[in-house]
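Step one of this worksheet: look at the structure below.
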Amino acid sequence: MKVLSNEILTAVIKKRQTNSHKGDYGRLILIGGDAHYGGAIILAASAAVYSGTGLTTVACDPLNWSPLHAHLPEAMVLDFKQNIDQSIVNADVIVIGPGLGLSTMSLQILKTVLKEINQNQILIIDGSAISLFAEEKLKLKFPENTIFTPHEMELQRLTGIKIGNQSVEKIQNYVNQNGVIIVAKSHETKVYGPLVEPFLLKVGSPAQATGGMGDTLAGMIGSFLGQFRQASLLECVAAATYLHSFIAENLSKDNYVVLPSLIISRIPKFMKLFEE
Ligand SMILES: NC(=O)C1=CN([C@@H]2O[C@H](COP(=O)(O)OP(=O)(O)OC[C@H]3O[C@@H](n4cnc5c(N)ncnc54)[C@H](OP(=O)(O)O)[C@@H]3O)[C@@H](O)[C@H]2O)[C@@H](O)CC1
Ligand SMILES: Nc1ncnc2c1ncn2[C@@H]1O[C@H](COP(=O)(O)OP(=O)(O)O)[C@@H](O)[C@H]1O
Ligand SMILES: [Mg+2]
């Protein structure tokens, strides 16, 4: 396994061109945030905006619009129950799952996205969307443009590989057979791509073990994929995943617990350290 270091950040994070505008930094749509899990989509969207996404849209339950805007006026909002097929048309990158929930309506939204997505769009499937995808045995149109970000239980649901038995070989086999990227999250997160040596994270801290931490990562990954087009998908995913835990580890030196929103607030300063 290749151990990730700061090098992945300097390889991926680029200085912005003077002659550029918001449209050059990704059109991202994040889909999730049902009536119970508004916080998840607020964190994911905040992470995306603070990582530099040019245009961020959130499709969620309208109950979450006001709280979202109170935290993040930079984001646009849509109702996830209405015309999700039209809502995703202009997106470069789609993040689905943070706080999406497991309702019949959530499943319908996921199915529509999987059906309507085109070959130029990148899809990140997180949280509830992984559980629904696994439960319903759904299929991907473009696995090469798809990233799953499961924790260990979600990985078990997705691959059938039980917790405690999730060896590098077994996960790599699944990734090779299915042609997707997987961020297998744990206290020693690994990033897998088809037919390549996986990346291992040696940064991170138990101070990260708090709800919303993975939602934050999903937003960062979506943001990196929309901005840094000179890098490969796998490099972008690895860089965002490394940065998330690198910031957390730094903050854990003088914070007993590192909240997702604290990590989010520090993303721009940490990215600035590594731009090249
Ligand atoms: N503020 C918000 O709105 C928040 C909203 N959220 C949203 O909630 C939705 C559901 O996501 P979820 O992860 O909470 O639930 P689920 O998929 O049932 O997994 C939990 C089960 O798996 C087990 N487990 C075993 N190993 C594990 C591991 N390494 N890491 C984690 N779990 C592990 C675990 O076992 P136990 O804790 O009992 O040991 C338990 O039985 C999703 O859409 C998400 O975005 C959350 O992000 C929180 C903040
Ligand atoms: N003990 C730990 N050490 C390092 N990282 C951790 C630890 N516990 C959790 N994390 C990280 O926190 C995140 C948890 O993701 P997830 O369970 O999906 O959170 P949520 O769905 O609540 O947002 C992952 O990035 C995981 O690697
Ligand atoms: Mg999660």
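For reference, positions follow the sequence shown, starting with 1. Remember, it's 1-based here, ligands and their atoms both numbered in the order they're listed.
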For ligand 1, which is the ligand I care about here, please tell me if [X] has any N or O atom under 3.5 Å from one of the ligand's N or O atoms.
X: G99; value: yes
X: R157; value: yes
X: A40; value: yes
X: G97; value: yes
X: H36; value: no

Do any nitrogen or oxygen atoms of [X] come within less than 3.5 Å of a nitrogen or oxygen of ligand 2?
X: M213; answer: yes
X: D215; answer: yes
X: G214; answer: yes
X: T210; answer: no
X: D126; answer: no
X: H151; answer: no
X: L217; answer: no
X: H187; answer: no

Near [X] [atom1], under 6.0 Å, is it more than 12 heavy atoms from other residues, nucleotides or ligands?
X: E7; atom1: CD; answer: no
X: Q17; atom1: CD; answer: no
X: K141; atom1: NZ; answer: yes
X: E135; atom1: CD; answer: no
X: N19; atom1: CG; answer: no
X: K115; atom1: NZ; answer: no
X: N90; atom1: CG; answer: no

* To do: Assess whether salt bridge (charged side-chain N to carboxylate O under 4.0 Å, His left out) is satisfied between R229 and D92, documenting all intermediate values.
  => CA-CA 11 Å; R229 297 178 197 152; D92 309 312; 3.7 Å; yes
* Worked check of salt bridge (charged side-chain N to carboxylate O under 4.0 Å, His left out) between E275 and K15 -> CA-CA 5 Å; E275 66 171 8; K15 263 196 168 53; 3.6 Å; yes
In the protein, which heavy atom is nearest to [atom], and how far is it?
atom: atom 22 (O) of ligand 2; result: G212 N, 2.9 Å
atom: atom 27 (O) of ligand 2; result: S186 O, 2.9 Å
atom: atom 10 (N) of ligand 2; result: Q208 CB, 4.1 Å
atom: atom 8 (N) of ligand 2; result: A209 CB, 3.7 Å

* Would you check whether G127 reaches within less than 4.0 Å of ligand 2, judged by its heavy atoms? =>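 No; G127 lies far enough from ligand 2 that no heavy-atom distance drops under 4.0 Å.
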* Under 4.0 angstrom from ligand 2, any heavy atom of H244? ->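 Per 4.0 Å heavy-atom rule, H244 contacts ligand 2.
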* Which bit of D126 gets closer than 4.0 Å to ligand 1, counting heavy atoms only: side chain, backbone, both or neither? ->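 Near ligand 1, D126 shows nothing, with every heavy atom at 4.0 Å or more.
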* Should the proximity of E154 to ligand 1, defined as any heavy atom under 4.0 Å, be assigned to the side chain, the backbone, both, or neither? ->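 E154 to ligand 1: side-chain contact only, backbone stays beyond 4.0 Å.
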* **Pick from S128, G38, S106: the one approaching atom 43 (O) of ligand 1 most closely through a non-hydrogen atom** =>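 The option holding the nearest heavy atom is S128.
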* Asked: If you measure from atom 15 (O) of ligand 1 to every heavy atom of E152, H151, Q156, H187, which option wins on shortest distance?
  ->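 Nearest heavy atom to atom 15 (O) of ligand 1 lies in H151.
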* Report the residue from V95, V183, I181, I125 that forms a side chain to side chain contact (heavy atoms under 4.5 Å, CB included) with T149. =>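 So, applying the side chain to side chain contact (heavy atoms under 4.5 Å, CB included) to T149 and each of V95, V183, I181, I125, only V183 qualifies.
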* Asked: Atom SG of C236 and atom CG of L225: how far apart are they, to the nearest 0.5 Å?
  ->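 It is 5.0 Å, given to the nearest 0.5 Å.
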* May I ask whether S186 has any heavy atom positioned less than 4.0 angstrom from an atom of ligand 1? =>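 No, that is not the case, since the closest heavy atom of the residue is not under 4.0 Å from the ligand.
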* Does the side chain of N176 pick up a donor-acceptor pair with the side chain of Q172 at under 3.5 Å? ->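 Side-chain D/A pair, N176 to Q172: present.
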* Would you say the side chains of N6 and Y242 form a donor-acceptor pair under 3.5 Å? ->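 Side chains of N6 and Y242: pair found under 3.5 Å.
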* Give a yes or no on whether the ring-centroid distance for Y174 and Y192 is below 6.0 angstrom. =>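 So the answer is no for these two rings.
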* Counting from 1, what ligand 2 atoms have a heavy atom of K185 closer than 4.0 Å? ->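 With K185 as reference, the close atoms of ligand 2 come out as 15 (O), 16 (P), 18 (O), 24 (C), 25 (O), 27 (O).
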